[in-house]
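This chain uses plain numbering: 1 for the first residue, then up along the sequence.
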Amino acid sequence: MLTSLPNLLTLSRIAVIPLVVGLFYIPEAWAAYTACGLYAAACITDWFDGYLARAWAQESVIGKFLDPIADKLLVAATLIMLAGFGRLGGLSILPAVTILLREVLVSGLREYLAGLHVGVPVTWLAKWKTAIQMVALGFLIVGDYSPPEVPSTIIGTVGLWIAAALTFYTGWDYMRAGLTHMMAEQPSKRGAAARPAG
């Protein structure tokens, strides 16, 4: 049911994206901190929606569909805005590109394997990647508006490189698992039809 609390939390993660994007256009410290707060709140809902759906037995097909999409939209929009406003530049663009490409790869892989009725479980390493990535992006959103004693840009950039390294590893891990099913010999329709029943 779309109006269940877990699904509403997921939808709120999508709804907050235009607000976070819009705040980038306001060159004020309060806007950066507000964007960071909204982003952090959205990240927290990522944990609560799944937890509540399982605890209250409210897991649904629409929820399973929207949850990963909401995550990817939020991360992609934030990375693009950071790059567009110069808070990511030079070599720091590379981890952002790695993260975005991995999201596309895993999404395509999940869609293909879903057709084979094969699930792709989330590993603990992937969860650590997500957590580090969320924290890193929060620091980068604040950027140079942080106090001098808190080097937000440096912390965020280092965190993003760590997340990208984990992204590359987990992406390859998912791809390797997917290739096992992709390369498996599929019985031909002609062979299946010719096979005697019983």
Which pairs would a plain distance check flag for residues 22-41, meaning a side-chain donor or acceptor within less than 3.5 Å of a matching protein atom at least two apart in sequence or in another chain?
residue	atom	partner	partner atom	Å
Y33	OH	Y145	O	3.3
T34	OG1	W30	O	2.6

L94 and L88: same hydrophobic cluster, using ILVMFWY side-chain contacts below 4.5 Å?
-> no
Which pair of heavy atoms, one from I99 and one from A163, lies closest together, and at what distance?
-> CD1-CB, 4.4 Å
Establish whether L19 and L140 are linked, either directly or via other cluster members, by ILVMFWY side-chain heavy-atom contacts under 4.5 Å.
-> yes
Find out if a path of hydrophobic residues (ILVMFWY) with successive side-chain heavy-atom gaps under 4.5 Å connects L125 to L160.
-> no
How far apart are the closest heavy atoms of I14 and A70, and which atoms are they?
-> CG1-CB, 3.6 Å
Given side chains that start at C-beta, do those of T170 and R102 come closer than 4.5 Å, heavy atoms only?
-> yes
Residues G143 and S152: closest non-hydrogen pair is O-CB, 3.5 Å
Here the gap from R13 atom CZ to L8 atom CG, rounded to the nearest 0.5 Å, amounts to 12.0 Å
Grab the two heavy atoms, one from S12 and one from T45, that are nearest each other, plus how far apart they are.
-> OG-CG2, 4.1 Å
Same apolar cluster (I L V M F W Y, side chains within < 4.5 Å links), V135/V150 | yes
Show which side-chain atoms of residues 73-87 pair as donor or acceptor with protein atoms under 3.5 Å away, not counting sequence neighbours.
residue	atom	partner	partner atom	Å
T78	OG1	L74	O	2.8
R87	NH1	I141	O	2.4

Spacing of CG belonging to L100 relative to OG1 belonging to T167, to within rounding of 0.5 Å = 9.5 Å
Gap separating the CD1 atom of I93 from the OG1 atom of T98, nearest 0.5 angstrom | 11.0 Å
Under 4.5 Å between side-chain heavy atoms, hopping through other hydrophobics if needed: is there a path connecting L11 to V20?
-> yes
